Each structure stands twice: as structure tokens, then as C-alpha cells.
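Note on naming: letters A, B, ... go to the chains in the order of the sequence lines (proteins, then strands), and numbering restarts at 1 for each one. Because only heavy atoms are used, hydrogens play no part in the values below, and waters and symmetry mates are left out as well, while side chains stay in. From a predicted model like this one, the values you see are computed outputs, not experimental measurements.
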Amino acid sequence: MRDLITTLVRSALERAIKDGEVTLPVPADVTVERPRDPSHGDWATNVALRHAREAKMPPRELAEVIAARMSGHPDVAAVEVAGPGFLNVRLSPHALQRVLTEVRRSGAGYGRLTLGAGEKWQVEFVSANPVGPMHVGHGRWAALGDSMARVLEHAGYAVEREFYVNDAGVQMDIFAASVSARYLELCGVDAVFPEDGYRGAYIVDIAREIHAEEGDAWADAPAAEREAHFKEKAYAQVLEHLKRVLHGMGVEFDVWFSERTLHEPGPDGTSEIERAIADLRAAGHIYEKDGATWFASAAFGDDKDRVLKKADGAYTYFAADIAYHKDKFDRGFDRVIDLWGADHHGYIKRMEAAVAALGHPGKLTVVIGQLVNLFRGGEVVRMSKRTGEMVTFEDLLDEVGADAARYFFLRRSTDQPLDFDIALAKEQSAENPVYYVQYAHARICAILRKAAGAETDDVSVDIAATASSLVSDDAPLALLDAEAELALMRKLAEMPEVVETAAVQLAPYKLTRYAEDLAAAFHQFYTQCRVVSDDPDLTAARLYAVDATRIALKTVLGLVGVSAPERM
RNA sequence: GCGCCCGUAGCUCAGCUGGAUAGAGCAAGAGACUUCUAAUCUCUAGGUCGGGGGUUCGAAUCCCUCCGGGCGUGCCA
């Protein structure tokens, strides 16, 4: 629709220039946008303002010339010159009614774009250390990353979802030692709990499970042997937990990437980490100092150079991260998106530097997800993996449900810390916007059941089948010209633009806002326009509009990752 | 100290690649169900866009500066 209006404006201006009415080179920057105030029409352009000086005409006069050449088009109801020289374009009912046809023809593919042109993108998110249960922040990033991936897919990208498992390194050792200490306690052996160990109750649970399975068998084993064994047992349990919780909220990963594989030697005897450093060295970005191996990241915009291999011979976490990102780009992604917690934002510059040094400048986008502050009826709930004082994300899901959790997590812009009140999310009231949107969908389904002659709360009715048999393709859409009907169609027309913005800005929260707007437009329509009446033509036309709204609502909820209930 | 994020209505937040009279939800007040779901709708009220400078036809938006809040700033992971 935007393209259509842009073309109309441009060709009107071009004709005016050709006819000698305006003296101006044909401008390249003719753009139309949505006016903030809907009373200003559907589309507006400031071309006249921008080029008045060049054309040596007052802006309003130039605008009048363009307006005069735009009127008469069947999709345009009115073109007005407003304010200092804006051109406001109002779409005709006919143009809006056509949107309904487009929605119904596209079905679940409504709003799909070719923006991505099939480019291969990767979204890596959650990537929680496998040393404990998912916390609420991980839940937000899961909702965010998954919805981002869904939007990008809708916008035409080929998207892969990846979870990076930090299963190597010191955290895993501490984790194993913590489980081991709890296990020994269960065996009745006096054990010293590691000073920096994980104190959460879940560690005890894991130890108990191992003890139930294997008894005291490991009590007398050498510590190193026991911990090595427990590490794998406990790791497997946590990984199972992560997969179960994520699956439970509808998030599925294509790849679970193990950090260990970066450390293991390949067929040629070198690890991926070593090969990544060798690449950087060959490109001249590596030097030795104070017994350590350094990456000259400052040359790529980092604050200072970074150590990759410490004087003691161990690789830093950053070295593994570089190898990991090299691996990603070796897999052929056109763009890699990392979703990190806010506490990692200090790493963005060095990671971007590394990616640039590896020969992929600008192909990494790091999105920072701010933290979640958990409340319960106004009281702060603490979340700490170390003290064990925490609400796990699984607990939260059990309590508020996946729909409410996902919806709440997405409602804020990514770089905004989120206050999540458990009591509020549970509340089934007007304060809870997820129900507002879902309710609109449920209401539509009730109308369709009613129109089909079924009981309005008959759950056995197949809505999609009912809709397709009930709604006639040649319904007289021209009858739809009431204010509430036009407003609903306008809102439906916006969806492709919303998908585009959400994809370009990696901002799924735009979808929740749109979903609420669309639901509001429907609720208003519902209040003002009786759908099933004894006027068969009007009923047919309105059923058509209602079904288009159902499709769009279901689609946008799908992009958010929230269900569209047929009855509430 | 330096870096990133933030400061907009009583609360939670949109609007930020400059555009028209700064918006929404909640909370507050007043109304609307013998009708396809009132988990809804309608109306009212609510603002020095943190302060100050600058850039220009035009600034919540861009630049500078100050104030306030959050996070980060390891040869940790």
C-alpha cells in the first residue's frame, strides 16, 4: 500500500514537472509515511516542504499542484494540503476493502515479506550455563529470541535458532564439585562444601537423584574421578531441564552447540580455538606479550587489546567465543544475531572486533536483553543462582502459563529492564493485555459458531472449516463503509508494515502493540456493528471482515508465540 | 574515570534515521448488557518530554553540557 501511494505521489509530481508547471529535477526521495494523527488521513508526505525552496514555490502551492494531479484515482478518497505544506492522502473504502481479500487469500501468510530475500540468518539466544535451572531472565530472552526468529522468518529470512552450551571450563568444575559435596553429605560422609560452590537447593536434588540411582558407590572414589562422573550426570540432567522448559513454552532450537567441541582436537590435531587464533595470526592481529597471547582488538574499535591465551597456557573464554563465531560464519550465515544479557554488554565491542578481524565486518548484531525484576504483589523477589534463593523460570511458567509469560516478556522494548509482577500476570483482568487480544479472537470464533448455527460455546466446531464454508468469496464488501469497519480494515492493512519494522529493528514488542491495536479495532467494531443479522448481504460482508480479522490476529499472535484460543 | 542503557501523564511505557495540537494501557471519575462472550465499549480528567545551551523553516527526536538512576569496565567464567 505504501508503495502504491509513493508511486502515485511521484508520478503526480513527475507529470507536473513534465508539463512545465513545476521547475524541479525529479526528486529521488519521495517518501510517504503514516501520520501520527489518524485524522490526517492514511498517508502523508512532506515532498512539497522539502522541495519548495528548490522549486521556488511556496510549499502549500507546490502541494496543491501535486494534489490536483492525484485526485481521481479509485484508491484515493481525498488528497488534502495541510499545515505548512503536508499532503494528506485518504484511502477510498474500495482500497481498504481490498485488504480483506488480501488477508483471506494469504491466510497464515498474511504480512509475509520478501525483505530477507532468503538470506541465511542465525539467532543465538538463551545460551544459559548448564549448571542450574533457567531463571526468569533466560525466559525473557527465550521469548525474545524465538519471536525475533519468527518475525524474521515471516519477513523472508531463512533463520536458524541456536543455543550455545557453555559446557567447558571452570563453572562446570565448580558445579561438579558442588554436586559431589552434596552427594557425600547424603552418604553421611563429612564433606567440605566448596567456597565458591553453587548453594541452590537444586544441587541437592541432583545429588539425591544420583544417590538414589548409584547409592554410596562413589563415596570412596578419588575426588577427581567422582567429580568427573558427576559432572556428566548433572550436566545431562540440567540440559534435560533446559530442553523441557523451553519446549514447554514453545521454543525449539535447531542447534545445541557444545563449547567442548571448540576445545577438542580435530582430525588435523588442532582445536577450533587454535585454528581461529592461527587465522587471526595469519592476518597479523596476534602478538605475544608478558607470556600471553594477545588479540589486537583495539585496532578494530575495542577499548584495548585482549588476552586469548593466558600465561598459564589456558585459553580465555573470549578465545572460545572467537572460535565459536568463526564456526558460525564458516557455516555460511549472512548475519549472526547474538542475544545477550545486559551484564555482558561490555563484551560487544571485542566480539565485533573479532568478527571483523575474521573477515566478516558488520555481520554480527548483538542485541542486549535487559534483566527482569521479579515482583510478587509489589514485593521484590530475589533471583540468585548462588544463594539458591530464587524463583526458577519453570516455577513462573507453572504459575502464570506460557502465554502470559511470553506476552509480558515481549511487551517492552529489548533495552528496557522489565518489572514482572507475578500476581499481575496471573490476574485475569483488564490489566492483563494478553487476555484482551486473545479475547478478541475468541469473540470472533463465537460469532462464526453463531453464524454457522451452532451453540456459541460449542468447542467441537472446527473454526477454520466453518469459516471457509461460511464466508463467501464474493461477499458484497462495498457495504462495509461504517467508521468502525473502515478503522478495522485500516488496522489490518498496517500489518505488513509492522512485520517489516519489527524485523528491521529486531523489535518483537512492536507486534504486541499492534496486536493490541488490532484487538481494540475489532472490539470497537463488535460494539458498533452487529455481524449476524437478518440482512443477508450485510451479514455476508461482515463475516468476511470478521474472518479476515481472525486470520490476522491468529497470525500476529503466532509471531509473538502466544496461542489464539477459540473460546475463553 | 571511561563505556553502554535509561529519564515523557499519578503508575507502566510508546513515539527517537527531525515534521502538524506529544500518544496508549492501568489507576481516578461518569456512563453502556432482554443482542454474536461486559476478559468489552463510550466519555472526562491528567504533561516545564530530567535542567540548560546549540543546530533550522521546524527538536521529545540531532549535537554539547549538567543532574539523576541501572549495568559494565579481569591474563574471571
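For A/T501, the side-chain hydrogen bond (donor to acceptor under 3.5 Å, both in side chains) criterion is met by no residue, not counting sequence neighbours. In this view, A/R140 satisfies the salt bridge (charged side-chain N to carboxylate O under 4.0 Å, His left out) rule with no residue, not counting sequence neighbours. Contacts of A/Y315 classified as side-chain hydrogen bond (donor to acceptor under 3.5 Å, both in side chains), with partners at least two apart in sequence or in another chain: none. In this structure, the side chain to side chain contact (heavy atoms under 4.5 Å, CB included) partners of A/A353, at least two apart in sequence or on a different chain, are A/F295, A/S297, A/F300, A/D302. Applying the side chain to side chain contact (heavy atoms under 4.5 Å, CB included) criterion to A/K554, with sequence neighbours excluded, gives A/H441, A/A564. Evaluation of the side chain to side chain contact (heavy atoms under 4.5 Å, CB included) rule for A/D534 yields no partner, not counting sequence neighbours. With sequence neighbours excluded, the residues forming a side-chain hydrogen bond (donor to acceptor under 3.5 Å, both in side chains) with A/H263 are A/E259, listed by chain and number. Not counting sequence neighbours, the partners of A/D535 by the side chain to side chain contact (heavy atoms under 4.5 Å, CB included) test are A/S533, A/D537, A/L538.
If you measure from atom NE2 of A/H263 to atom C1' of B/A77, you get 11 Å, rounded to the nearest angstrom. In this entry the distance linking CD of A/E516 with P of B/G25 reads 10 Å, nearest Å. If you measure from atom CZ of A/R60 to atom P of B/G19, you get 20 Å, rounded to the nearest angstrom. Put simply, CZ on A/R350 is 16 Å from P on B/G3, counting in whole angstrom units. Rounded to whole angstrom, the span from the CG atom of A/D167 across to the P atom of B/A77 amounts to 15 Å. Distance CZ (A/F318) to C1' (B/U73): 15 Å, rounded to an integer number of Å. One interatomic measurement links the two molecules: CE of A/M351 to C1' of B/C4, which rounds to 18 Å at whole-angstrom precision. For the pair A/D303 CG and B/G1 P, the computed distance is 16 Å after rounding to whole Å.
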Could you list, one pair per line, each protein nitrogen or oxygen that sits under 3.5 Å from a nitrogen or oxygen of nucleotides 41-45 of chain B, together with the distance?
unit_1: B/C41; atom_1: OP1; unit_2: A/Y436; atom_2: OH; d: 2.4
unit_1: B/C41; atom_1: O4'; unit_2: A/T527; atom_2: OG1; d: 3.3
unit_1: B/U42; atom_1: OP1; unit_2: A/Q524; atom_2: NE2; d: 3.3

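For the pair A/H345 and B/G72, the ring geometry does not qualify as stacking, because the centroid separation below 5.5 Å and plane angle under 30° are not jointly satisfied.
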Intermediate values then yes/no, salt bridge (charged side-chain N to carboxylate O under 4.0 Å, His left out), A/K491 and A/E494: CA-CA 5 Å; A/K491 201 42 86 176; A/E494 277 178 35; 3.3 Å; yes

Worked verdict on A/L410 versus A/V562 for side chain to side chain contact (heavy atoms under 4.5 Å, CB included): CA-CA 11 Å; A/L410 285 188; A/V562 169; over 6 Å; no

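Using a 4.0 Å heavy-atom criterion, one finds that A/D321 contacts no nucleic acid atom at all. Across all strands, A/A451 comes closer than 4.0 Å to no nucleic acid atom at all (heavy-atom distances). Among the atoms of the strands shown, none is found under 4.0 Å from any heavy atom of A/D517. Nucleic acid contact for A/A314: none, since no nucleic acid atom lies under 4.0 Å from a heavy atom of the residue.
B/U48 and B/A9 have their C1' atoms separated by 13 Å, given to the nearest Å. Taking atom C1' on both B/C64 and B/U55, the two are 11 Å apart, rounded to the nearest angstrom. Between B/C16 and B/A60, the distance separating the two C1' atoms is 8 Å to the nearest Å. For the C1' atoms, the distance linking B/A22 with B/G68 amounts to 23 Å, nearest Å. Nucleotides B/A45 and B/C2 have their C1' atoms positioned 46 Å apart, rounded to a whole Å. Here, B/G25 and B/U40 have their P atoms 11 Å apart, quoted to the whole Å. For the P atoms, the distance from B/G23 to B/U65 is 32 Å, rounded to whole Å. Comparing B/A59 with B/U12, their C1' atoms sit 26 Å apart, to the nearest whole Å.
Residue A/K450 places at least one side-chain N or O under 4.0 Å from the OP1 or OP2 atom of B/C36. Close to B/C2, at under 4.0 Å from its OP1 or OP2, lies no side-chain N or O of A/K349.
A donor-acceptor pair shorter than 3.5 Å cannot be found between the side chains of A/Q171 and A/N166. A donor atom on one side chain and an acceptor atom on the other are not found under 3.5 Å apart for A/Y347 and A/D321.
Under a 4.0 Å N-O distance rule, the pair A/R567/A/E455 does not qualify as a salt bridge.
The shortest heavy-atom contact between A/I463 and A/R550 is CG2-CD, 3.6 Å.
B/C33 has its base syn relative to the sugar, with a glycosidic angle deviating from 0 by at most 90°.
A/Y526 contributes atom OH, which lies 4.5 Å from atom CZ of A/R443 (distance to the nearest 0.5 angstrom).
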Structure string for RNA chain B in dot-bracket form, Watson-Crick and G-U at under 3.5 Å, | interchain: (((((((..((((.....[...)))).(((((.......))))).....(((((..]....))))))))))))....

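Each of A/N88 and A/K304 was matched to the nucleotide of RNA chain B holding its nearest heavy atom; the match closer to the 5' end belongs to A/N88. Heavy-atom nearest nucleotides on RNA chain B were determined for A/M172 and for A/F86, and the one closer to the 5' end corresponds to A/F86.
Counting distance only, with no hydrogens placed and no angle test, the side-chain atoms of A/D343 and the base atoms of B/A77 include no donor-acceptor pair under 3.5 Å. Residue side chain A/Y526 does not reach the base of B/A38 through any donor-acceptor N/O pair under 3.5 Å, judged by distance alone. Donor-acceptor pairing under 3.5 Å, judged by distance alone, is absent between the side chain of A/H344 and the base of B/G72.
Closest to the side chain of A/D290, from the set B/A77, B/A20, B/C75, is B/C75. Distance from the side chain of A/A446 is smallest for B/C36 among the nucleotides B/C75, B/C36, B/A77. Among B/A77, B/G3, B/C75, the nucleotide with an atom closest to any side-chain atom of A/Q171 is B/A77.
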Under 4.0 Å protein heavy-atom contacts per nucleotide of nucleotides 7-17 of chain B, with B for base, S for backbone only and - for none: -----SSSS--

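For the segment residues 529-538 of chain A, the set of residues with a heavy atom within less than 4.0 Å of an atom of RNA chain B comprises A/C529, A/R530, A/V531, A/V532, in numerical order.
The main-chain N or O of A/V532 is found under 3.5 Å from a side-chain atom of A/R530 such that the two form a donor-acceptor pair.
The aromatic rings of A/Y164 and A/F257 lie tilted to each other, with the angle between the two planes from 30° to 60°.
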